[in-house]
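Taking it in order: structure first as structure tokens, then the write-up.
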Amino acid sequence: MTIKIAISGASGRMGKALIEAVSANDDTQLSAAIERPESTLIGADAGELAGIGKLGVALSGDLAAVIDQFDVLIDFSAPAATLNNAKLCAEHGKGLVIGTTGFTDEQKAELEARTKSTALCIAANYSTGVNLCLKLLDMAARVMGDDVDVEIYEAHHRHKVDAPSGTALRMGEVVANALGRDLSKTAVYGREGQTGARDRDTIGFATVRGGDVVGDHTVMFMADGERVEITHKASSRQSFARGAVRAALWLAQQKPGLYDMQDVLDLH
């Protein structure tokens, strides 16, 4: 069975990668593409926009107008737009794969409330490799325990608007949970001046922005005499796009509820 996919934020970097990934998968069909209503690209062919040739799917500025044309929406846009899209999808029983980052706690709670009506998959990163790293991070934290200092480094392109990245924060959450810590109380997001000796219970974050870096993440477990580093480097957005399409195919078969990429990959 072919799953019909809609893409929100279709003219962005990830949107174009998603159009390509959906079109390349034999089990999915691009049936709708959404952009901001004020975009000058409304009406343009999604395939031509992504550089893969005409697909016969015109960009729409109104999700409600195409709500009956898809099974699952993949949304890599902005928090406010995603919240509106989630409301519509829940009202019409459409699955929603969310790759948007930067939600507040209140916005996260609003999204979770929608899972009573439809299936939502929310992940900070849809790369298969990153999700494997999350599993390895949990294992490393449990084995190395409180005898190590934990630091997280991430680098992205100059256009990324949130920091640290959603992936870095998720990595921090995995490590903190494994160690029985509350990340909101132990995270350190910057150091400057006379900071004093490092508190072992803290988890540090270092953020780099520049160039066209797709996404680099390294978590360091540093003990006296040795350290373990778990690193993931993305060289193409297609790694994220293919994972999101994989999630959409899986989500189309699920009951209403809240899921993540670990569920999709059966890594829990």
Is the side chain of [X] donor-acceptor paired with the backbone N or O of [Y] at a distance under 3.5 Å, no angle test?
{"X": "Ser127", "Y": "Ser239", "answer": "no"}
{"X": "Arg170", "Y": "Ala123", "answer": "no"}
{"X": "Thr202", "Y": "Gly204", "answer": "no"}
{"X": "Asn177", "Y": "Val174", "answer": "no"}
{"X": "Asp75", "Y": "Ile98", "answer": "no"}
{"X": "Thr28", "Y": "Val22", "answer": "yes"}
{"X": "Asp266", "Y": "Gln262", "answer": "no"}
{"X": "Lys4", "Y": "Ser31", "answer": "no"}
{"X": "Thr100", "Y": "Ser77", "answer": "yes"}
{"X": "His92", "Y": "Lys94", "answer": "no"}

Min side-chain heavy-atom separation [X]-[Y] under 4.5 Å:
{"X": "Val214", "Y": "His157", "answer": "no"}
{"X": "Met222", "Y": "Met144", "answer": "no"}
{"X": "Ile122", "Y": "Leu258", "answer": "yes"}
{"X": "Arg142", "Y": "Asp138", "answer": "yes"}

Which residues share a salt bridge (Lys or Arg N to Asp or Glu O under 4.0 Å) with Arg246, sequence neighbours left out: none
Say whether [X] and [Y] are linked into one hydrophobic cluster, either directly or through other cluster members, by side-chain heavy-atom distances under 4.5 angstrom.
{"X": "Leu265", "Y": "Leu132", "value": "no"}
{"X": "Phe240", "Y": "Leu30", "value": "yes"}
{"X": "Val66", "Y": "Ile5", "value": "no"}
{"X": "Tyr153", "Y": "Val150", "value": "no"}

Residues which pass ring-ring contact (aromatic ring centres under 6.0 Å, His included) with Phe205, listed by chain and number, not counting sequence neighbours: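 Residues passing ring-ring contact (aromatic ring centres under 6.0 Å, His included) with Phe205: Tyr189.
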Go through the structure and list residues passing ring-ring contact (aromatic ring centres under 6.0 Å, His included) with Phe70, not counting sequence neighbours. none
Should the heavy atoms of other residues, nucleotides or ligands under 6.0 Å from CZ of Arg200 be counted, would the total exceed 12?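 Buried by this count: over 12 neighbours within 6.0 Å.
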Flag yes if more than 12 heavy atoms outside Asp224 fall under 6.0 Å of its CG atom; otherwise flag no. no
N/O donor to acceptor pairs below 3.5 angstrom from side-chain atoms of residues 49-62, sequence neighbours left out:
{"from": "Ser60", "atom 1": "OG", "to": "Asp62", "atom 2": "N", "distance (Å)": "3.1"}
{"from": "Ser60", "atom 1": "OG", "to": "Asp62", "atom 2": "O", "distance (Å)": "3.3"}
{"from": "Asp62", "atom 1": "OD1", "to": "Ala64", "atom 2": "N", "distance (Å)": "3.1"}

Using salt bridge (Lys or Arg N to Asp or Glu O under 4.0 Å), reason through Glu151 and Arg191 one step at a time and then give a plain yes or no. CA-CA 12 Å; Glu151 294 285 320; Arg191 296 186 179 96; 2.8 Å; yes
For residues 101-147, which residue pairs qualify under ring pair (Phe, Tyr, Trp, His ring centres under 6.0 Å), counting only residues two or more places apart or in two chains?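 Output for this query lists Phe76-Tyr126.
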To the nearest 0.5 Å, what is the distance between CE (Met1) and CG (Asp27)?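 Reported value, rounded in 0.5 Å steps: 9.5 Å.
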Side-chain ion pair, [X] and [Y], N-O less than 4.0 Å:
{"X": "Asp146", "Y": "Arg181", "answer": "yes"}
{"X": "Lys108", "Y": "Glu112", "answer": "no"}
{"X": "Arg242", "Y": "Glu20", "answer": "no"}

Start with the C-alpha gap between Asn131 and Leu134, add the side-chain angles, then the distance that decides, and say whether side chain to side chain contact (heavy atoms under 4.5 Å, CB included) holds. CA-CA 5 Å; Asn131 282 277; Leu134 295 178; 3.8 Å; yes
Answer with yes or no whether the side chains of Glu35 and Ser11 bring together a donor and an acceptor at under 3.5 Å.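 Ser11 vs Glu35: donor-acceptor pair found between side chains.
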If you look at every heavy atom in Gln253 and Leu249, which pair is closest and at what distance? CG-O, 3.7 Å
For Ala46 versus Ala33, what's the shortest heavy-atom pair and its separation? CB-CB, 4.0 Å
Output a table of donor-acceptor pairs, distance under 3.5 Å, between side-chain atoms of residues 161-169 and any protein atom two or more places apart or on a different chain; print 'none' if there are none.
{"from": "Asp162", "atom 1": "OD1", "to": "Lys160", "atom 2": "NZ", "distance (Å)": "3.1"}
{"from": "Asp162", "atom 1": "OD2", "to": "Thr101", "atom 2": "OG1", "distance (Å)": "3.0"}
{"from": "Ser165", "atom 1": "OG", "to": "Ala168", "atom 2": "N", "distance (Å)": "3.0"}
{"from": "Ser165", "atom 1": "OG", "to": "His217", "atom 2": "NE2", "distance (Å)": "2.9"}
{"from": "Thr167", "atom 1": "OG1", "to": "Ala124", "atom 2": "O", "distance (Å)": "3.4"}
{"from": "Thr167", "atom 1": "OG1", "to": "Asn125", "atom 2": "ND2", "distance (Å)": "3.0"}

